[in-house]
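Below: the structure, in structure tokens.
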Protein chains: 2
Amino acid sequence: MKAFSAETVYALRALLYLAGRRDGESYLSIRKISEELEISFHFLTKILQMLTQKGILTSSRGPAGGVRFFRAPDKVSVIEVIHVFEGNDYFTTCMMGLPGCSDKAPCPVHDLWKEVRTAMKSRLEDVTLAEMGTRTMLERLRLSP
Amino acid sequence: MKAFSAETVYALRALLYLAGRRDGESYLSIRKISEELEISFHFLTKILQMLTQKGILTSSRGPAGGVRFFRAPDKVSVIEVIHVFEGNDYFTTCMMGLPGCSDKAPCPVHDLWKEVRTAMKSRLEDVTLAEMGTRTMLERLRLSP
DNA sequence: TTTATTTGAGATAAATTACTCCGAAATAGT
DNA sequence: ACTATTTCGGAGTAATTTATCTCAAATAAA
Ligand code: SF4
Ligand code: SF4
């Protein structure tokens, strides 16, 4: 099951890595992150650029530059990151992907799918990057292969 | 959320259409199905061919030819169709997609994701094409845009 | 002020997925 | 036997996603 694009997954891994650090004040270079997580540097650059544009990260160029959180990671829910890369209709268009869906004109999998979809959404909008990040660090959960 | 490839979705729509018919004995031409569901004829042909090879459908060439169920649709669970086009590891590889996953070396979203994934799997392996097909017909659920 | 370093932005390339096309093989009806 | 129809099988094309490359702009430190 591939629920998310590569961009979303890379973004989450990078953000969780950032959120798990002790020092959240200083800038961390994208090069460093890409090496740590074994993600293509250039591709990751583009992705984190997007997060900077969307106001989740802030950046600084030049030596000792890099990225850090703009808003504190406990103010950013995972779902927000998903919406950046997957679009805002991610949890409304689904399985069959037929246009013009409504509860009045559903496809056969609507009920089944609605459960899964809303369960997922409600879980993902509750959990913040900070929670997951610290958990990642404390329990030594892995973010790279 | 795009959980499935176009192939899987088209396959399911076609199968639910077939399962919803009164006459399950006779062959129905792929051309007819493609027009009814507004799916590219050639693409659907390839997809239904695969289902024939996998023993879900059986086919007949020539005039009055087409496809019909090989095994009765109440013996085919939705999950089986998914496995044909998405592979058998569909419900084991997931969200982060890191290789070498185990409960001992999980990524940060493992628990969260495991819930969603197993909930989905257990629902999809219970429901058969026959159940959904008749429901589709009786409740006039739509299979096309 | 110069230099080294790092993000920003956009073009390009590779890989995957989605879709199309064509001729061969089978089959029912005339 | 002939013809029209339909699936089969594989190749080819288009679109989208994923990844790479290049150079400009900013910035810190020497
Ligand atoms: S009817 Fe429901 S499940 Fe089906 S495509 Fe529309 S929103 Fe998705
Ligand atoms: S640890 Fe679990 S959730 Fe994370 S990629 Fe592996 S199987 Fe998926």
Side-chain angles (χ1 to χ4, degrees), chain A residues 1-14 18 25-70 82 84-87 90 93 96-97 145, chain B residues 1-14 18 26-70 82 84-87 90 93 96-97:
Chain A
M1 167 158 46
K2 198 184 124 196
F4 303 108
S5 69
E7 288 181 325
T8 303
V9 172
Y10 291 165
L12 283 174
R13 285 171 59 196
L18 279 171
E25 306 298 302
S26 66
Y27 289 105
L28 188 59
S29 82
I30 299 176
R31 174 71 66 184
K32 168 75 175 172
I33 302 173
S34 75
E35 283 167 358
E36 209 68 39
L37 301 184
E38 300 177 33
I39 298 172
S40 151
F41 166 69
H42 288 103
F43 196 23
L44 185 60
T45 295
K46 244 187 46 174
I47 291 163
L48 298 191
Q49 237 173 73
M50 177 64 64
L51 290 173
T52 302
Q53 286 167 4
K54 292 287 181 177
I56 292 175
L57 297 178
T58 186
S59 66
S60 170
R61 297 184 186 182
V67 295
R68 63 172 169 79
F69 278 99
F70 182 58
I82 291 167
V84 167
F85 296 99
E86 308 286 340
Y90 182 75
T93 70
M96 290 292 204
Chain B
M1 167 156 45
K2 197 183 122 193
F4 303 108
S5 68
E7 288 180 324
T8 302
V9 172
Y10 291 166
L12 283 174
R13 285 171 59 195
L18 278 172
S26 67
Y27 290 104
L28 188 60
S29 81
I30 299 176
R31 174 72 63 183
K32 167 76 176 170
I33 302 173
S34 75
E35 282 167 359
E36 209 68 39
L37 301 184
E38 300 178 33
I39 298 172
S40 151
F41 167 68
H42 288 103
F43 197 24
L44 186 59
T45 295
K46 244 189 45 174
I47 290 163
L48 298 191
Q49 237 174 75
M50 177 66 63
L51 290 174
T52 302
Q53 287 166 5
K54 293 287 183 178
I56 292 175
L57 296 178
T58 185
S59 66
S60 170
R61 297 183 186 183
V67 295
R68 61 172 169 78
F69 278 100
F70 182 59
I82 292 167
V84 167
F85 296 100
E86 307 288 340
Y90 182 75
T93 70
M96 289 293 203

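Residue numbers begin at 1 in each chain, while the letters A, B, ... track the order of the sequences. Predicted model, so just to flag it, every value in this text is computed and none were measured.
Of all heavy-atom pairs between A14(B) and L44(B), the closest is CB-CD1, 4.1 Å. M96(B) approaches V9(A) most closely through the heavy-atom pair O-CG1, 3.4 Å. Closest heavy-atom contact between G66(B) and Y27(B): O-CD2, 3.4 Å. Summarising the geometry of S34(A) relative to S40(A), their closest heavy-atom pair is CB-C, 4.4 Å, with the distance given to 0.1 Å. Minimum heavy-atom separation, R68(A) to S26(A): CB-O, 3.6 Å. When every heavy atom of R13(A) is checked against every heavy atom of P145(A), the shortest pair comes out as NH2-CD, 3.7 Å.
Counting to the nearest Å, the P atom of dA26(C) and the OH atom of Y27(B) are 15 Å from each other. Rounded to whole angstrom, the span from the CG atom of L48(B) across to the P atom of dT7(D) amounts to 9 Å. The CE-C1' distance, from M50(A) to dA19(D), rounds to 15 Å in whole Å. Rounding to whole angstrom units, CZ of residue R68(A) and P of dT6(C) are separated by 17 Å. Atom CZ in F41(A) sits about 10 Å away from atom C1' in dT5(C), given to the nearest Å. In this entry the distance linking CD of E38(A) with C1' of dA19(D) reads 16 Å, nearest Å. Put simply, CG on L57(B) is 14 Å from C1' on dC8(D), counting in whole angstrom units. Atom CZ in F43(B) sits roughly 15 Å away from atom C1' in dG12(D) (whole-Å rounding).
Listed candidates were dG8(C), dT7(D), dT20(C). Nearest to the side chain of H42(B) is dT20(C).
Annotation: of the two residues near DNA chain C, F4(B) and R31(A), the 5′-most nearest-nucleotide partner is R31(A). If L44(A) and R61(A) are placed on DNA chain D by their nearest nucleotide, the residue sitting closer to the 5' end is L44(A). Each of K46(A) and P63(A) was matched to the nucleotide of DNA chain C holding its nearest heavy atom; the match closer to the 5' end belongs to P63(A). The residue among Q49(B) and G65(A) whose nearest nucleotide of DNA chain D is located toward the 5' end is Q49(B).
Proximity of S59(A) to the phosphate of dG8(C): a side-chain N or O atom is located under 4.0 Å from OP1 or OP2. Close to dA26(C), at under 4.0 Å from its OP1 or OP2, lies no side-chain N or O of S60(B). Contact annotation: Q53(B) does not reach the phosphate of dC8(D) (side-chain N/O to OP1 or OP2, under 4.0 Å). Under 4.0 angstrom from either OP1 or OP2 of dT18(D) there lies no side-chain N or O belonging to S40(A). Within the 4.0 Å cut-off from OP1 or OP2 of dT18(D), at least one side-chain nitrogen or oxygen of K2(A) is found.
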**OP:** List the steps and the verdict of side-chain contact (heavy atoms from CB on, under 4.5 Å) for F4(B) and F85(B).
**Re:** CA-CA 9 Å; F4(B) 303 108; F85(B) 296 100; over 6 Å; no
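Defining each end axis of the helix from dT1(C)-dA30(D) to dT30(C)-dA1(D) as the rotation carrying four pairs' C1' atoms onto the next four, with five pairs an end, the two axes are found to diverge by 0° to 10 degrees.
Relative ring orientation between F43(B) and Y10(B) is described as perpendicular, the plane-to-plane angle rising above 60° on a 0-90° scale split at 30° and 60°.
Within the 4.0 angstrom heavy-atom criterion, only backbone atoms of the sugar-phosphate kind lie near Y10(B); the bases stay farther away.
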